[in-house]
Each structure stands twice: as C-alpha cells, then as structure tokens.
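All residue numbers in this chain count up from 1 along the given sequence.
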Amino acid sequence: MKTKKEFAFFVKGLREIRQISPGYMLYYAFAVFFQTIRPYVNLFLSARIINGIIRGESFQRLLTLALITVAANFLIEVIVYAFNHKLSLERDKFVKRYHMRMSMKMTHMSYAALEDPETHRLKQKVRETRNLTGGILDLPGQLQKLIGSLLDIIFSVSMTVTLFFTPGVGSTSFLRLLTSPWFSVIVCGFILFNVFLGMVSKTALTRKTQAVFTDGADFNRVYEYYIGNYLLDYKNGKDIRIYDQESVIQSEYSGLLEQVKKLIGRIYRSQLFLSTITTVTGVVLNFIIYLYIGLKALFGAFAAGNIVQYIGSITRFSSGMAGFAAQLVTLRENTFALQTYFQFMELPEEEKTGSLTEHTDLSKINSIEFENVSFAYPGTSQNVLRSINLKVEGGQKIAIVGANGSGKTTLIKLLCRLYSPAEGTIRINGTDIQAYDTETYSKLLTVTFQDFKLFSFRLGQNIAGETEYDSDKAAKALELVGFDERLAELKDGLETFLNRDFDAQGVELSGGEAQKVALARALYKNTPLVILDEPTSALDPIAEYEIYSRFNQIAQNRTVIFISHRLSSCRFCDKIAVFDNGEILQYGSHQELVKDRDGKYYELWNAQAQYYT
C-alpha cells in the first residue's frame, strides 16, 4: 500500500478515535510531553549543580539549584500522575465504547448482512488483525510512542548542539583538530550511523515479529475460541466432563503450541543476531563519544558538569531516532488492521423503508396475504420458497408444518421483514408490508424463534425486554403459559436473576421453563400478530398439553402463526399449511387434511400418531 494511502488511513483512524472518545488523544499528548521532558530537566539541572560545585559557587546558590531540581521533579511527577490517572480512565472508556461501537454496528446492519458468512469472516478478521498490529485500540499508544520519540529527538538535539560549536582554551594543533568542524562532522557521522543501524535493526525485528505472528494466526484463532470462549463459559462444563473434551482440547492446543514455539524461536534468532550487531556498534560509538566529550572538557571547551548533559542527551537521541523509525514501521503495519476495521464499519446498514407511520391503524389484523412470494438467500441461486400464495384472516390461528428445510422459518423471516421477497408481495390489511415505517411495523408483531435468547438479567426484565416493567402484566403473562407455580417458588419473584453471571443466587431454568418465559415475553408485548417458531419443543407432553388447552385464552383475539413439528398441536388451529420443498402442498383444517389419505399431512400425522396411541 502506498504511503499516501497509509497516511490517509492513519488520519481516518485518528478521526475515528476522536469520534469514539473526544479528548482521549489530548490526554495522551499532555502525558507524553511531560513524561519525555522529565529526564532532560534532570540532565540540565544536574549539569548546572556539578558546574557550580566545581566553580566553588556559594552554598545558597547550590541549595537553590537542588531545591529547583527537587521541585521540578515533584511538579512533573504530580502532573504525569494526574494525566496518567485520567488517561487510564479515558482508556477504559475508550475500549468499552469501541466494543460497543462494533456491537451496535451489528445491530444496525440489515439482517441479510448479519447472516452473511462474509460479515462474520470480516468481523473475525478485524479481531485477528487487531491482535497482530493493534488496530484502532492500539493506535493512540502507537502515536504516543511516535510523538515521544520525536520529542526525544528535538530535546536531545537542543541540548547537544553547543557540544559541536564550543571552542576550547588554547591553540595546540590537537585542540584545533578536536574543535574543527570536520571532526564534529565525523563524530556526528558515527552517531548517525549507529542510529541508522539501530533503526534498520528495530525495523527488521518489528517486521519479522509481525510476520511471525501473522503465521501464528491459526493458533490465535483456536486459542481465542477454546480459552477465550468455550472453556470460560461454565455452561459447557457438562459436555467437557462427560465427553472428556479436555483431552481433545489439550491435544489441539499442544499441537498448536509446538508451532508457536518454532515461531518464537525464529524471533529469538533474529533478535540475537540484530542485538549483537547493535551492541558492538553501540560500544564503539560510546567509546568515541566519551573520548570526544572528555577531551573537549579537558581542554576547557565547557565545564565538566556538561558531560552529564551531553552524554545523556546523545544517548536519548539515539534511542529516540531508533524508536521513531520503529514506530513508523508499526504504524505502517497497522494500516492493514485499520483498513479491515473500516471495511467492517462501512458495511451497509439497514435501509429505512416505508413511510406509513404510527398514525396508520395497525391495532387490528384484518388479513395477511402472501401473493406469488419466492425467495432465495443472498449468494445462492436456488429458491427456498416458490410462488407461495397464502391468505390468513384476522384472528385466525394458523399452523405451518413440514419437514426440516421446507421453508417454514424462511416464510416467517419474510413476514418479519428480516428479508425482502425476491418476487411477489406480502400484504397486511391490503397494504404491502414494505410500505410501513420500520418502527411502526415492529409494533405490529411479536416473534418467539426456536433459538430465542434469555439474558442474565432479572426475570421481569427478560419478559418486558426493558429495564422498567409492569409487574402485574409480567406475572399475568407467566400465568398464561403455566409458569405461575414456578414463579411462586422464587424468593425474589420477578426480581430473580436468571443464571449466575451477575448474581451468585441466580436461577438456572430448565429448557422447558426457559421456553415458557420466552412465550410470556411474546404475550407481554401484546401485539395483534403473534408468531411462534417451535414454541413447545422443549416442553414435556403434559406441559405442552396445558399450553394448548388454554391456547384460545393465550391467543385471545390475536392472529397467531406458529411453526411446529408436533402435529398434535395443529388440532388447536383454524388452518394448517403443509410445506414441502419450498411450496404449500396442502392447506385446510386438521379434520379436512387428515381425511386425505394420499396427502402429505396424513403421512406426517400417522408417522407421529403411532407414538401417542
């Protein structure tokens, strides 16, 4: 990638940081300034004190300089501590806001993009590149080191420039050689050569390290999955113990660890080679510098105390130049991580469609109609649904049945506007559902999918989907689904935490109990359309019978569409749509369909009925 593009991503990254956490970089700038200037204050004042002692200055003068040194160090220490403390708080907020920004990006995407495997691969790529080169999270720290190195160069040059232009006392040929511009150029040449060598070494080592970690991306991916996710989730503890997964994980981890050892070995060999070269040249350079500075001091070019200032400043200059070059390389390497991050963040978000707003009356469903609806998932050519025609009258209870993969859940996703039909139209009350405002349409329906999620929050909050909730309304919803007896057993009632992530006294619900809570959530919202996808799959037959025996009471005047593999539940419905291979083969009541001995429904019914007889 060209330097211009790299710089553009660097600037874009800084803008993103400012947007995530305004003022964050300002604290970094102040902190790095005072951290960098502190050693130069000490070098300068120490040189003044030593010169004062040699010159025999008064005790009061020396005491004043010592007190100034102590006061300056104390003041800088307080300032650095204050900024670092504030910076640590800002960094914590920045990291949290960054992760929230990534999460909110997922919620703002269209559902089609959310389900797209490419989206998940790109998100994983963001995580992997962030682990390798830092990405947005490490950019402030990288910039801090770059600015710190640049300040080191500026301060050290300003404190050593007089070394090369201060004449000595006397006129011997050796002194003239020592103070000549050419000799100063030679010494500067040695310093710059060593700096250049250090820069090349650090650059090479940085690139080598990053290349090695790139080769170890597979290990990072597996490590993050097993150690960062799977093993830390206590819910996986049963499977790990029963199926002895620990040995499998250990074997997988050990194999990858061997690869990592080889990769680290490559880094160590490169580091040993490069550090040997820089150490040797550093020793030679230090000898030349000490000799040059010592001889000039000996011939009276400057006071002996300045030796401390010059040597310390030249050392800082060398490390500053090497650090500056290394950070430039790091920032360039981080460009790929920044590019990946922005690719993810710039994925298209869900488009707001429709203009019919809350002024439109959707408090009652008169009809739902699918007209010649066909659909294929993005990236595929095969239709999951083929010319579906279905009409549901308001207040009806409709069951959708069929084998796995027949298109049942896909139909529900289209009705929920998670996807748009490739062909055909879906109408509610005679209006194309795409015409409704998104927020208005969401108030029309409630859905309980078979892969529903309960949060580790309070029971009442799970039912309401909000922090504040109506206790009476939540309790009534739980009563309708048969959870009232279990609720009475809970010490804190609706305030009981689910799971133990946030409360040691949290309650672990069984699969059936969790499904009842999910059903209660659907009832609490109190919408005219209720969609249930396998609503009783985790319930035992008795609990399931209890649900369906009060089905009319639960449904009240709502229009209900539900998917079920248990055909016994279909007897409670007004109509049944039998799906097969993306098409509706049959449509009618249970009594009508079971009479057709050649039909798909009769086949499915009898296949299950033998187990209930």
Side-chain angles (χ1 to χ4, degrees), residues 106-107 109-112 114-115 350 353-354 362-365 367-370 373 375 377 384-385 388 390 392 394-402 404 406-421 426-429 433-434 436-455 461-466 469 473-474 477-478 480-481 511 514-539 547-548 551 554-566 569 572-573 577 579:
M106 298 290 285
T107 64
M109 288 181 191
S110 67
Y111 189 77
L114 189 64
E115 276 199 335
E350 185 173 13
T353 59
L362 285 178
S363 60
K364 182 181 179 181
I365 299 293
S367 65
I368 302 173
E369 187 174 1
F370 294 79
V373 172
F375 177 76
Y377 282 101
V384 181
L385 296 175
I388 298 296
L390 175 65
V392 180
Q396 281 189 328
K397 286 75 178 173
I398 302 298
I400 300 176
V401 302
N404 290 330
S406 60
K408 304 185 302 296
T409 300
T410 301
L411 185 81
I412 297 305
K413 288 180 179 179
L414 294 179
L415 182 56
C416 294
R417 280 180 37 173
L418 298 177
Y419 289 97
S420 298
I426 304 174
R427 294 186 176 89
I428 290 183
N429 295 348
I433 63 173
Q434 301 298 331
Y436 291 110
D437 171 72
T438 303
E439 190 172 332
T440 301
Y441 191 75
S442 67
K443 297 176 181 178
L444 168 71
L445 51 83
T446 300
V447 189
T448 299
F449 288 104
Q450 56 184 321
D451 56 349
F452 66 88
K453 298 295 181 185
L454 296 182
F455 301 102
Q461 293 173 337
N462 269 278
I463 295 170
E466 297 176 335
Y469 59 91
K473 188 177 176 182
L478 288 173
L480 284 173
V481 299
Q515 197 158 47
K516 287 182 178 180
V517 172
L519 282 170
R521 177 192 288 169
L523 299 179
Y524 182 91
K525 190 176 178 183
N526 193 25
T527 59
L529 174 60
V530 177
I531 302 172
L532 306 173
D533 188 355
E534 294 290 348
T536 60
S537 59
L539 298 180
I547 289 288
Y548 289 122
F551 192 73
I554 292 173
Q556 297 176 354
N557 295 320
R558 300 181 179 97
T559 302
V560 180
I561 300 176
F562 82 96
I563 299 172
S564 180
H565 283 100
R566 295 183 183 179
S569 61
F572 299 91
C573 294
F579 272 63

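Residue Ile531 comes nearest to Cys416 through the heavy atom pair CD1-SG, 4.0 Å, listed as atom of the first residue, atom of the second, then distance. Arg558 and Asn526 get closest at one heavy-atom pair: NH2-OD1, 3.0 Å. When all heavy atoms are compared, the tightest approach of Leu478 to Ala520 is CD2-CB, 3.7 Å. The shortest heavy-atom contact between Asn462 and Phe455 is OD1-N, 2.7 Å. In plain terms, the two heavy atoms of Val530 and Ala522 that are nearest each other are CG1-CB, 4.5 Å. Here the shortest heavy-atom pairing between Leu418 and Tyr111 reads O-CB, 3.5 Å.
Taking the side chain as every heavy atom from C-beta outward, Val481 and Gln515 never approach each other to under 4.5 Å. Residues Leu529 and Ile368 form a side-chain contact, since some pair of their non-hydrogen atoms from C-beta on lies under 4.5 Å apart.
Every residue two or more places apart in sequence or in another chain that forms a side chain to side chain contact (heavy atoms under 4.5 Å, CB included) with Ser406 is listed here: Lys408, Phe579. Contacts of Val373 classified as side chain to side chain contact (heavy atoms under 4.5 Å, CB included), with partners at least two apart in sequence or in another chain: Phe370, Ile388, Leu414, Pro421, Ile426. Under the rule for a side-chain hydrogen bond (donor to acceptor under 3.5 Å, both in side chains), Thr448 has no partner lying at least two apart in sequence or in another chain.
Rounded to the nearest 0.5 Å, atoms OG1 (Thr559) and NZ (Lys397) are 7.5 Å apart. Atom CD1 of Ile412 sits about 9.0 Å away from atom CG of Leu532, to the nearest 0.5 Å. With rounding to the nearest 0.5 angstrom, the OG atom of Ser564 is 9.5 Å from the CG atom of Asp533. In this structure, Ile463 CD1 and Gln461 CD are separated by 10.5 Å, a value rounded to the nearest 0.5 Å. One finds the CG atom of Leu390 at 7.5 Å from the CD1 atom of Ile561 (value rounded to the nearest 0.5 Å).
For the pair Arg417 (side chain) and Tyr441 (backbone), a donor-acceptor distance under 3.5 Å is absent. For the pair Lys525 (side chain) and Leu445 (backbone), a donor-acceptor distance under 3.5 Å is present.
Because its NZ or CZ atom is both nearer than 6.0 Å to the ring centre of Tyr524 and within 45° of the ring axis, Lys473 counts as a cation-pi partner of that residue. A cation-pi geometry, defined here as NZ or CZ lying under 6.0 Å from the six-membered ring centre and within 45° of its normal, does not hold between Arg521 and Phe452.
No donor-acceptor contact under 3.5 angstrom links the side chains of Glu115 and Tyr377, judged on distance only.
Residue Leu444 forms a side-chain contact (heavy atoms from CB on, under 4.5 Å) with just one option from Ile365, Ile433, Asn429, and that option is Ile365.
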